[in-house]
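Keep in mind the model is a prediction, meaning the values are calculated, not measured.
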Amino acid sequence: MDRRPPSAAVLVLHGGHENGTEPPPPGLLNLPGVRMRPFVRALRRATRAPEDGTEVLVRQVRYVHRGWNGPRADALRDALAALDALGEEAGDVPVILLGHSMGARAALLAAGHPLVRGVVGLAPWCPPGDPVTQLAGRDIVLVHSSRDRITSPQATQSLTARARRAGARTCMVTVRGGDHAMIRRAPAWHRLTTTLVTGLLGTGSLPEPVTTALGLPPTAEPMEGTLDLDRLRAERGPAGLLPSS
């Protein structure tokens, strides 16, 4: 059976460093890139082409430089270039950006690209001065460990509130006992992320509390849109979409 054109795409952006103009190291030496491999594998399994041949592309951004590098915002440049290339490859398909740490910052700032429908950010780097107007009309779900010592969960919560006031649909999920590298409770990070991405794509179902949070009015308090992963287990449903560990 001939495959149909892609119906949607996911663009994955790994983390990096605040500064660093050298290229990322190759292969397994690029630890931020390696960290995202289980997420890519899980997404490819979850979006495998069904019998009708439709396909969800899963692509990864390749950074030219390993750091953000201040106003150069190198990771953002790479994200936008990857989105343009994805449009040339697949056409006008809806795209969900999945980013970790620096990659999540790049995803949030690149969300104004016309292909982007939503962002899932993992342990995102959210400096208080970053703009949010580009997030208007997008679905934004940010996941952060309560014990993260590299990026700030409080800054993430603040960004979700600011973005909601700017016209985005936002939600934050807190992972108790997790860490910035997403090694502690790794299965929970992987399964939750897959659920969120496929839910935003429309190929899966979002947990009801996430849907409710995304529908909050712009005036909602930050805590109203903040959920706890362990409480979401009760909403996992018959498909078992959320893990118990």
Run through V116, V61, D78 and flag the one making a side chain to side chain contact (heavy atoms under 4.5 Å, CB included) with L83.
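Per the side chain to side chain contact (heavy atoms under 4.5 Å, CB included) rule, the option paired with L83 is V116, out of V116, V61, D78.
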Looking at [atom1] of [X] and [atom2] of [Y], how far apart are the two atoms once the value is rounded to the nearest 0.5 Å?
X	Y	atom1	atom2	value
L142	C171	CG	SG	8.5 Å
R35	H100	CZ	NE2	6.0 Å
T170	L135	OG1	CG	9.0 Å
L229	W189	CG	CH2	9.0 Å
R105	L76	CZ	CG	9.0 Å
C126	L109	SG	CG	9.0 Å

Closest approach of [X] and [Y], non-hydrogen atoms and distance?
X	Y	answer
H65	P24	C-CD, 4.0 Å
N69	G20	OD1-N, 2.7 Å
V93	A9	CG2-CB, 4.3 Å
T195	P207	CG2-CD, 3.8 Å
M102	A75	CE-CB, 3.7 Å
T133	A166	CA-CB, 4.3 Å

Thinking salt bridges, do R162 and D130 make one under a 4.0 Å N-O criterion?
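Looking at R162 and D130, the cut-off is not met.
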For the side chain of [X] and the backbone of [Y], is there at least one donor-acceptor N/O pair under 3.5 Å apart?
X	Y	answer
E224	A213	no
R44	V58	yes
R176	T174	no
D230	D228	no
Y63	D74	no
R138	A136	yes
H144	T151	yes
R117	L115	yes
R169	G137	yes

Within 6.0 angstrom of [X] [atom1], more than 12 heavy atoms from elsewhere:
X	atom1	result
E221	CD	no
R72	CZ	yes
R37	CZ	yes
L28	CG	no

Could you go through the side chain to side chain contact (heavy atoms under 4.5 Å, CB included) check for T198 and T47 one step at a time?
CA-CA 8 Å; T198 56; T47 59; 4.1 Å; yes
Less than 4.5 Å apart, any side-chain heavy atom of [X] and any of [Y]?
X	Y	answer
H113	D84	yes
L122	M36	yes
P153	M172	yes
P25	R66	yes
L200	L214	yes

Can you classify the ring geometry of F39 versus H190 as parallel (below 30°), tilted (30 to 60°) or perpendicular (above 60°)?
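It falls in the perpendicular class, over 60°.
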Residues R165, V132; criterion side chain to side chain contact (heavy atoms under 4.5 Å, CB included); working and verdict
CA-CA 9 Å; R165 292 194 296 269; V132 293; over 6 Å; no
Dump the intermediate steps for side chain to side chain contact (heavy atoms under 4.5 Å, CB included) on L196 and L98, then the final yes or no.
CA-CA 10 Å; L196 294 173; L98 169 63; over 6 Å; no
In sequence, state the C-alpha distance, the side-chain angles, and the governing distance for D148 and H180, and then conclude on side chain to side chain contact (heavy atoms under 4.5 Å, CB included).
CA-CA 5 Å; D148 198 320; H180 185 75; 2.8 Å; yes
Same cluster (ILVMFWY, side-chain, under 4.5 Å), L80 and I140:
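Yes, same cluster.
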